[in-house]
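Residues: numbered from 1 along the sequence shown. Keep in mind that what you see is a predicted model, and the values were worked out from it rather than measured.
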Amino acid sequence: MPSTKELVMHEMWVGVDAASGGLVWHVLTTDTATTLCGQPRQHEGGAGHASTDRHCLECMTSFQDIMQAPAGA
């Protein structure tokens with residue numbers, strides 16, 4: 001049986017980078033209302049998924065921490 005951590009999916013979302021103002025991929029929290037870096041999710045508008053290959057460093061660091069945490073933590 002998969003652990004709870006294995007069953008949780010995190011969506012990606014294209015949004016504005018708080019530092020640079022450019023578009024980056026963010027990781028959404030499991031409720032999809034905010035990003036792991038704390039930004040509220042907003043409508044992407046015309047951004048589209050093909051508009052960037054950059055990722056939010058803060059989101060990716062948080063996601064890495066989540067994935068490396070022991071199961072059930």
Side-chain angles (χ1 to χ4, degrees):
M1 177 94 190
S3 70
T4 303
K5 183 169 82 171
E6 291 171 326
L7 296 175
V8 174
M9 300 269 308
H10 286 271
E11 292 182 51
M12 301 293 288
W13 168 73
V14 174
V16 175
D17 178 46
S20 72
L23 294 176
V24 294
W25 283 98
H26 290 277
V27 180
L28 294 172
T29 56
T30 54
D31 68 4
T32 71
T34 58
T35 64
L36 292 180
C37 69
Q39 290 190 27
R41 181 180 184 180
Q42 299 172 354
H43 180 62
E44 289 178 0
H49 294 153
S51 55
T52 187
D53 61 354
R54 296 181 58 219
H55 292 78
C56 172
L57 181 58
E58 190 174 345
C59 281
M60 296 310 291
T61 300
S62 294
F63 184 66
Q64 183 178 11
D65 291 344
I66 290 168
M67 296 310 297
Q68 291 178 344

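M67 and L57 are assigned to two separate hydrophobic clusters, defined by single-linkage of ILVMFWY side chains at heavy-atom distances under 4.5 Å. V24 and F63 fall into different hydrophobic clusters, where Ile, Leu, Val, Met, Phe, Trp and Tyr residues are linked whenever their side-chain heavy atoms come under 4.5 Å apart, directly or through other members.
Atom CG of L23 sits about 12.5 Å away from atom SG of C56, to the nearest 0.5 Å. Of the inter-residue distances, the one linking W13 atom CH2 with T32 atom OG1 reads 11.5 Å to the nearest 0.5 angstrom. To the nearest 0.5 Å, atom CZ of residue R41 and atom CG of residue D31 are 10.5 Å apart. Here the CE atom belonging to M12 is positioned 9.5 Å from the NE2 atom belonging to H26, to the nearest 0.5 angstrom. Atoms CG and CZ, from D17 and R54 in turn, are 5.5 Å apart once rounded to the nearest 0.5 Å.
For D65 and S62, the side-chain atoms include no donor-acceptor pair closer than 3.5 Å.
Closest approach of V27 to H10, counting heavy atoms only: CG1-CB, 3.7 Å.
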>> Is there a side chain to side chain contact (heavy atoms under 4.5 Å, CB included) between L28 and E11? Walk through the geometry before answering.
In response: CA-CA 5 Å; L28 294 172; E11 292 182 51; 3.9 Å; yes

>> What verdict does the side chain to side chain contact (heavy atoms under 4.5 Å, CB included) test give for T35 and T29, after you've listed the backbone C-alpha separation in whole Å, the side-chain angles of each residue and the deciding distance to 0.1 Å?
In response: CA-CA 5 Å; T35 64; T29 56; over 6 Å; no

